[in-house]
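Quick notes on the structure that follows.
From a predicted model like this one, the values you see are computed outputs, not experimental measurements.
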Amino acid sequence: MKYVQLGDFTTQAGAVIPQVRIAYEMWGQQRGNNVILVEHALTGDADACSWWPGLIGPGLVIDTDRYCVICTNVLGGCSGSTGPGTPAPDGRAWGSRFPALCIRDMVAAERQLLALLGIDELLGVVGGSMGGARALEWAAMYPEMAGSACVIATSARSSAWQIGIQTAQICAVETDPDWQNGDYYDTGRCPDRGLGAARRIAHLTYRGE
């Protein structure tokens, strides 16, 4: 895992997150415009080869002999990038104090990371689910940089049905006694049961008759 410090980051809503760090992985060699940005889903991380086995690597669909492949852990994630579980300036985990984020915040943070890596052009952006939403936002926010976008299993906006289901999932997490109003870090207890119930609700919505 590699890391880049972005410094202070301002969200779309105007909140300032100090000392932001973004984790990322990279495969293949950068040669001209051959960079593909892979976007993980909600529960993913920067190690795209582990959650997309058979797709990324030498001779595979996303061929690392031809392409330079980058995958970040999203801003607000829990696998190396700054998020609720990382220390705030006072040394305690951000927890409930962490600002709310939107997809545009996540993409803007990735744009800053790529700029610091010296990358100003992408052959393509590919992602599914929340990663698909980020790929779509890349095409909307930075069309001059994103040469193409492969958008999988997502939509341009959330429907009332999706919002209602997600509200039920949030309720499942927040009614778990171990949620502790979002400040469960360093307490030895976390809302595993609520998260499990929320995930079961999610999987029901992924299927149709």
inquiry  = Nearest 0.5 angstrom please: Ser50 OG to Glu25 CD, how far?
reply    = 9.0 Å
ask   = For Arg199 and His203, what are the C-alpha separation, side-chain angles and deciding distance, and is it a side chain to side chain contact (heavy atoms under 4.5 Å, CB included)?
value = CA-CA 6 Å; Arg199 196 63 176 160; His203 276 269; 3.5 Å; yes
query = When you look at Ser96 and Asp183, which way does the side-chain hydrogen bond (donor to acceptor under 3.5 Å, both in side chains) test go after all the steps?
reply = CA-CA 6 Å; Ser96 64; Asp183 293 311; 2.9 Å; yes
inquiry  = Other members of the hydrophobic cluster containing Ile163, with the 4.5 Å side-chain heavy-atom rule, please.
reply    = none
key: For Glu137, side chain to side chain donor-acceptor pair (under 3.5 Å) partners two or more places apart   = Arg104
Donor-acceptor pair, side chain of Glu39 and main chain of Gly127, under 3.5 angstrom = no
task = Can you measure from CG (Leu117) to CD (Glu110) and round to the nearest 0.5 angstrom?
result = 11.5 Å
inquiry  = Quick check: do Tyr24 and Leu113 have side-chain heavy atoms less than 4.5 Å from each other?
reply    = yes
message = Just verifying a value: how many Å separate Leu75 CG and Ile103 CD1, rounded to the nearest 0.5 Å?
response = 11.0 Å
query = Would Asp105 and Phe9 count as a side chain to side chain contact (heavy atoms under 4.5 Å, CB included) if you check the C-alpha gap in whole Å, the side-chain angles of each, and the deciding distance to 0.1 Å?
reply = CA-CA 9 Å; Asp105 294 321; Phe9 180 86; 4.2 Å; yes
ask   = Residues two or more places apart in sequence or in another chain: which of them pass salt bridge (charged side-chain N to carboxylate O under 4.0 Å, His left out) with Asp178?
value = Arg189, Arg193
request  = State the CZ-CG distance between Arg111 and Leu6, to the nearest 0.5 angstrom.
outcome  = 12.0 Å
ask   = Can you name the closest pair of heavy atoms from Cys102 and Gln12 and give their distance?
value = SG-CG, 3.6 Å
query = Does Gln162 offer a backbone N or O that forms a donor-acceptor pair with the side chain of Ser158 under 3.5 Å?
reply = no
ask   = Val20, Val16: one ILVMFWY side-chain cluster at the under-4.5 Å cut-off?
value = no
key: Beyond-backbone contact of Arg31 with Cys68, side-chain heavy atoms, under 4.5 angstrom   = no
ask   = Is Trp138 reachable from Ile36 through a run of I, L, V, M, F, W or Y residues, each pair having side-chain heavy atoms under 4.5 Å apart?
value = no
Side-chain heavy atoms of Met130 within contact of Val74, under 4.5 Å = yes
note = On a heavy-atom basis, the closest approach of Val38 and Ala48 is CG1-CB, 4.1 Å
request  = Check salt bridge (charged side-chain N to carboxylate O under 4.0 Å, His left out) between Arg66 and all other residues, then give those that pass, not counting sequence neighbours.
outcome  = none
message = Are the side chains of Glu121 and Val35 in contact, using a 4.5 Å heavy-atom criterion?
response = no
key: Spacing of OH belonging to Tyr184 relative to CG belonging to Asp192, to within rounding of 0.5 Å   = 9.0 Å
query = Can you list the residues that meet the salt bridge (charged side-chain N to carboxylate O under 4.0 Å, His left out) rule with Asp90, with sequence neighbours excluded?
reply = Arg92, Arg97
inquiry  = Check whether Thr82 reaches the backbone of Arg21 with its side chain - one donor and one acceptor, N or O, closer than 3.5 Å.
reply    = yes
task = Tell me, please, which residues at least two apart from Tyr67 pass ring pair (Phe, Tyr, Trp, His ring centres under 6.0 Å).
result = none
Pairing residues for Trp94 by the ring pair (Phe, Tyr, Trp, His ring centres under 6.0 Å) criterion, not counting sequence neighbours = Phe98
query = How is the hydrophobic cluster of Tyr3 composed, in terms of its other members, when Ile, Leu, Val, Met, Phe, Trp and Tyr link through side-chain heavy atoms under 4.5 Å apart, directly or indirectly?
reply = Met1
Residues clustering with Ile165 (ILVMFWY side chains joined when closer than 4.5 Å, directly or via others) = Trp161, Ile201
remark   = Leu116 and Gln5 have their tightest heavy-atom pair at CD1-O, 3.6 Å
task = Taking Asn34 for its side chain and Gln30 for its backbone only, find out whether a donor-acceptor pair lies under 3.5 Å.
result = no
task = Find out whether Val126 and Trp52 are in side-chain contact, i.e. whether some heavy atom of one side chain is under 4.5 Å from a heavy atom of the other.
result = yes
Pairs under 3.5 angstrom only: tabulate donor-acceptor contacts from the side chains of residues 139-150 to other protein residues two or more places apart or in another chain.
unit_1 : atom_1 : unit_2 : atom_2 : d
Ser148 : OG     : Leu123 : O      : 3.0

ask   = For the side chain of Arg134 and the backbone of His40, is there at least one donor-acceptor N/O pair under 3.5 Å apart?
value = yes
query = Who pairs with Asp45 by side chain to side chain donor-acceptor pair (under 3.5 Å), at least two apart in sequence or on another chain?
reply = Trp51
message = Is there a side-chain contact between Ile56 and Ile62 in this structure, where contact means two heavy atoms from C-beta onward sitting under 4.5 Å apart?
response = yes
message = Can a donor-acceptor pair be found, under 3.5 Å and without considering hydrogens, that links the side chain of Ser129 to the backbone of Gly131?
response = no
key: Donor-acceptor under 3.5 Å (Ser81 side chain, Gly77 main chain)   = no
ask   = Do the side chains of Tyr206 and Ile152 join up, straight or via other hydrophobic residues, at under 4.5 Å, putting them in one cluster?
value = no
key: Co-members of Leu136 in a cluster of I, L, V, M, F, W and Y side chains, linked at under 4.5 Å   = Val151
inquiry  = For Gln29 and Thr64: C-alpha separation, side-chain torsions, deciding distance, then whether side chain to side chain contact (heavy atoms under 4.5 Å, CB included) applies.
reply    = CA-CA 8 Å; Gln29 297 295 317; Thr64 52; over 6 Å; no
query = From Cys78 SG over to Asn73 CG, what is the distance, rounded to the nearest 0.5 angstrom?
reply = 7.0 Å
query = So, for Asp65 and Pro58, which heavy atoms are closest and what is the spacing to 0.1 Å?
reply = OD2-CB, 3.5 Å
query = Does the pair Ile17 and Asp8 meet the rule for a side chain to side chain contact (heavy atoms under 4.5 Å, CB included), with working shown?
reply = CA-CA 6 Å; Ile17 308 173; Asp8 294 352; over 6 Å; no
ask   = Are Met26 and Leu55 connected in the hydrophobic side-chain network, where two residues link if heavy atoms are under 4.5 Å apart?
value = no
query = If every non-hydrogen atom of Leu122 is compared with every non-hydrogen atom of Asn33, which pair is closest and at what distance?
reply = C-OD1, 3.4 Å
request  = Pick out which of Val4, Ile70, Ile22 makes a side-chain contact (heavy atoms from CB on, under 4.5 Å) with Leu114.
outcome  = Ile70
query = Do you know which two heavy atoms are closest between Gly85 and Tyr185, and how far apart they sit?
reply = CA-CE2, 3.4 Å
